[in-house]
Number of protein chains: 2
Amino acid sequence: MEEIDRRIVTLLAKDGRMSFTDLAKETGLSVSAVHQRVRRLEKRGVLRGYTAVIDHDAIGLPMTAFVSIKPIDPAAPDDAPDRLAHLAEIEACHSVAGDESYILKVRVASPHGLEDLLQRIRAAANVSTRTTVVLSTPYEHRPPRFDVDGDR
Amino acid sequence: MEEIDRRIVTLLAKDGRMSFTDLAKETGLSVSAVHQRVRRLEKRGVLRGYTAVIDHDAIGLPMTAFVSIKPIDPAAPDDAPDRLAHLAEIEACHSVAGDESYILKVRVASPHGLEDLLQRIRAAANVSTRTTVVLSTPYEHRPPRFDVDGDR
DNA sequence: GATGAAAAAGACTCCCA
DNA sequence: TGGGAGTCTTTTTCATC
């Protein structure tokens with residue numbers, strides 16, 4: 001992928017609703033050339049979609065936490081992500097190296113809501129949990145900086 | 001905030017580029033009424049912006065990690081987020097309760113890139129680091145489910 | 001791949017209910 | 001607040017280089 005595609009991706013990461021007209025101005029290409037490139041990036045899966053950035057305080061889910069989980073029975077098949085997928089409070093699920101097996105990012109309304117969610121997580125996936133409560137988020141969703149190289 | 005606004009927010013979380021026409025169809029409102037509501041949600045800060053969801057594998061940053069940091073000198077003023085803001089590999093910075101003071105989410109090209117970044121983090125903010133490498137991400141960026149209530 | 005032009009769809013404004 | 005009409009902008013397709 002070269003320069004202009006990277007530029008387009010970065011611009012759309014900063015403003016997912018930027019118009020093709022504006023993308024064209026920023027990249028120096030014509031509108032239709034930009035259009036073509038964006039569609040190609042979408043098709044290739046480089047651009048996986050678009051989403052609104054939401055203020056969780058404003059929608060009544062002001063509490064964020066990271067929940068690390070570990071299976072109670074290490075011999076059982078590990079299908080925790082599937083077993084937890086129905087819990088809408090879980091925004092993300094990452095399989096990780098280290099002492100625990102997954103890190104979940106969760107959004108809840110209150111400490112009570114967190115307590116309740118943790119119980120449901122433990123019950124649904126047969127895991128123990130370790131929770132780190134987020135106090136504030138100085139920044140999040142920063143656009144990626146990516147270079148030509150394959151390293152650094 | 002009531003029903004229809006919540007619907008709009010959820011729809012835009014799922015597809016940040018959804019047209020006003022489609023939002024109107026989904027909500028049963030007229031285009032101008034939806035338009036008005038979206039602008040109001042943006043103005044109130046409920047909708048903080050829009051962003052493209054990027055495949056980090058595809059752009060040469062296939063390695064994700066969570067880096068927890070702790071100040072070397074607990075007495076020093078805590079301005080780690082500012083000191084780290086120039087590091088573009090850091091996608092998010094959360095202040096957390098618990099043993100460490102911040103959790104950073106980082107994206108790098110390789111183990112070598114991670115090693116290099118960790119050194120830069122330690123040097124820039126005078127902190128020790130503990131790193132958890134992400135092996136895979138079953139899901140991420142799931143839209144919030146939020147109810148009328150203020151609890152649950 | 002990129003371009004410009006033309007047609008279709010959508011965004012945005014304003015006024016009235 | 002919501003709806004509708006009108007206008008202007010953007011998107012999308014297409015033929016051409």
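To find a chain, count down the sequence lines: A is the first, B the second, and so on, and within it residues start at 1. Keep in mind that the numbers below use all heavy atoms, side chains included, and drop hydrogens, waters and symmetry copies.
Using a 4.5 Å cut-off between side-chain heavy atoms of Ile, Leu, Val, Met, Phe, Trp and Tyr, with links allowed through other members, A:Met18 and A:Leu29 fall into the same hydrophobic cluster. Tracing side-chain contacts under 4.5 Å through hydrophobic residues (I, L, V, M, F, W, Y), one never reaches B:Leu117 starting from A:Val96; they form parts of separate clusters.
Comparing the local axis fitted to the first five base pairs of the helix from C:dG1-D:dC17 to C:dA17-D:dT1 with the one fitted to its last five gives a bend of 30°, rounded to 10°.
Not a single ring-ring contact (aromatic ring centres under 6.0 Å, His included) links B:Tyr102 to another residue, sequence neighbours left out. Partners of A:His56 under the ring-ring contact (aromatic ring centres under 6.0 Å, His included) rule, at least two apart in sequence or in another chain, do not exist in this structure.
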Annotated protein contacts, base or backbone, on nucleotides 10-17 of chain D with a non-hydrogen cut-off under 4.0 Å, one of B, S, - each: SBBB----

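Salt bridge A:Asp5/A:Arg40: present, at least one basic N to carboxylate O contact under 4.0 Å.
First and last contacts of DNA chain C with chain A, using any nucleotide atom under 4.0 Å from a protein heavy atom and ordered 5' to 3', fall at C:dG1 to C:dA11.
Proximity of A:Asp22 to A:Lys25: side-chain heavy atoms (C-beta onward) are separated by under 4.5 Å at one or more points.
The two residues B:Leu41 and B:Val9 come nearest to each other via the heavy atoms CD1-CG2, 4.0 Å. Annotation for B:Met63 and B:Val133: closest pair CE-CG1, 3.9 Å, computed over non-hydrogen atoms.
Residue B:Glu140 is tested with A:Glu91, A:Lys105, A:His94 for a side-chain contact (heavy atoms from CB on, under 4.5 Å); the sole match is A:His94.
One can place CG of B:Leu23 at 16 Å from C1' of D:dG2, the figure rounded to the nearest angstrom. Following rounding to the nearest Å, B:Lys43 (NZ) and D:dT1 (P) show an atom-to-atom distance of 13 Å.
Under the 4.5 angstrom side-chain criterion for Ile, Leu, Val, Met, Phe, Trp and Tyr, A:Leu135 has no cluster partners at all.
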